[in-house]
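In what follows, every chain begins at residue 1, and chains take the letters A, B, ... in the order their sequences are listed. The analysis underlying the following values was restricted to heavy atoms, covering all of them including side chains, and did not include hydrogens, waters or symmetry mates.
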There are 2 protein chains.
Amino acid sequence: MMEGMPKKQDDALADFLCFSVYSLNHAFNRVYRPLLDGLDLTYPQYLVMQLLWAQDGRSVKEIGKELRLESNTLTPLLKRLQATGLIDRRRGKSDERVVRIFLTGSGEALHARAADVQSCLAAAIGLDTGELSRLSQVLDDLRDRLIGEAEKLTTDA
Amino acid sequence: MMEGMPKKQDDALADFLCFSVYSLNHAFNRVYRPLLDGLDLTYPQYLVMQLLWAQDGRSVKEIGKELRLESNTLTPLLKRLQATGLIDRRRGKSDERVVRIFLTGSGEALHARAADVQSCLAAAIGLDTGELSRLSQVLDDLRDRLIGEAEKLTTDA
DNA sequence: TACGATTAAATCGCATGCGATTTTATTGGT
DNA sequence: ACCAATAAAATCGCATGCGATTTAATCGTA
């Protein structure tokens, strides 16, 4: 309003942006859910399967680094995928602490059935390739900056 | 790669964008958490309090419409806020089905202590006002479009 | 070699989200 | 006035996320 005091107003936008991301994330889940229901996968499970389809035999740690998740989230999730028969969990031979994740036959087979999830999503989003990649880039940069800030905050406290 | 077959590649970007949003949302939570810990609030609880600080006496339905959440999420959350003494839940007089949410004294008092959350967030994000509002707008538009698509998908099935 | 520090997973507890259902109150048509 | 349809919350079950801690294996160094 006044020239001298726009700071309060501006700061509110930070909250708005966070809510935009929060509610957009929920919206994505709502689109993914009906698509993934047919595959008996949740969205985080789908993310893990995507990684494994790209490359097998990753450790829990490596998966966590890619998805920004910790073992306290991944271990139960991976056990559920194992229970449904999509993956195997094997202790590393050289290092017994490491658990490596391998696709089973049905885990690999699911890849084909997951083929149209991406195209449905792309259609629902309705942005062209350029906009998509630009937007992803902006969000990823912001994410990495925030993770840095979060570390500062928690280290200080 | 080939000129004739870029569709597969393009569709993958849809998955990437969704993951960008997913992981950015987690990153926001990591920044908010240490800030909100001092207020004994979670991020969704903070969102509800923001609404109430702006305007008291909303119904659960109205809060849900703003935050895109259902009663199955809000009811337990609101009961926790009531248990910590920040809000009151009262049945509407004209319509006994409706539960309206009111700030208590300590709920109102918390507003002052929450003042620097926004400014810390704004600093962590590190974008200027114009970029912030443009980005929010893009994400909100996408969210609303996706919710529309999700309804189509679930209605079809 | 011994042993404390480090590391990878796992475990525990709590707070979301949400699909599905239930409970209670209100409304609308006859 | 009656009663099915509708509407608002609440309840239940399950799958994340994550802080905090624990367990088990490996490493580093005296």
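- Residue A/Met49 contributes atom CE, which lies 13 Å from atom P of D/dT16 at whole-angstrom precision.
- In this structure, the CD1 atom of B/Ile63 is 16 Å from the C1' atom of C/dG17, given to the nearest Å.
- Atom CZ in B/Phe28 sits about 19 Å away from atom C1' in C/dT16, given to the nearest Å.
- The phosphate of D/dG19 (OP1 or OP2) has a side-chain N or O of B/Arg33 nearer than 4.0 angstrom.
- Within the structure, salt bridge (charged side-chain N to carboxylate O under 4.0 Å, His left out) contacts touching residues 128-142 of chain B (residues at least two apart or in different chains) are B/Asp140-B/Arg143.
- Taking all atoms of both residues into account, the shortest heavy-atom contact from B/Ser106 to B/Gly85 is OG-O, 2.9 Å.
- Taking atom CD of B/Glu151 as the reference point, atom P of C/dG19 lies 12 Å away to the nearest angstrom.
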Name every donor-acceptor pair, under 3.5 Å, that has one atom in a side chain of residues 66-74 of chain A and the other anywhere in the protein, sequence neighbours excluded.
| from | atom 1 | to | atom 2 | distance (Å) |
| --- | --- | --- | --- | --- |
| A/Glu66 | OE2 | A/Arg58 | NH1 | 2.6 |
| A/Arg68 | NH1 | A/Glu66 | O | 3.0 |

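- Put simply, CG on A/Leu81 and CG on A/Leu103 are 10.0 Å apart, with the number rounded to the nearest 0.5 Å.
- Between A/Leu69 and A/Ser94, the residue whose closest nucleotide on DNA chain D is further toward the 5' end is A/Leu69.
- In the region residues 41-48 of chain A, proximity to DNA chain D at under 4.0 angstrom, judged on heavy atoms, holds for A/Thr42, A/Pro44, A/Gln45.
- Considering only residues two or more places apart in sequence or on other chains, B/Tyr43 meets the side chain to side chain donor-acceptor pair (under 3.5 Å) condition with none of them.
- Distance B/Glu96 CD to C/dT23 C1': 14 Å, rounded to the nearest Å.
- Under the 30°/60° scheme for interplanar angles, the aromatic rings of B/His111 and B/Trp53 are found to lie parallel.
- For residues 88-100 of chain A, every residue pair satisfying the side chain to side chain donor-acceptor pair (under 3.5 Å) rule, not counting sequence neighbours, is listed here: A/Gln82-A/Arg89, A/Asp95-A/Arg97.
- For A/Glu70 and D/dT22, the CD to C1' distance is 16 Å, given to the nearest whole Å.
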* Where protein sits on nucleotides 1-14 of chain C, one letter per nucleotide: B base, S sugar-phosphate only, - none, heavy atoms under 4.0 Å -> ------BSBBBB--
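- Following rounding to the nearest Å, B/His26 (NE2) and D/dG17 (P) show an atom-to-atom distance of 4 Å.
- In this structure, the CZ atom of A/Phe19 is 14 Å from the C1' atom of C/dG17, given to the nearest Å.
- To the nearest 0.5 Å, atom CD1 of residue B/Ile101 and atom CD1 of residue B/Ile87 are 4.5 Å apart.
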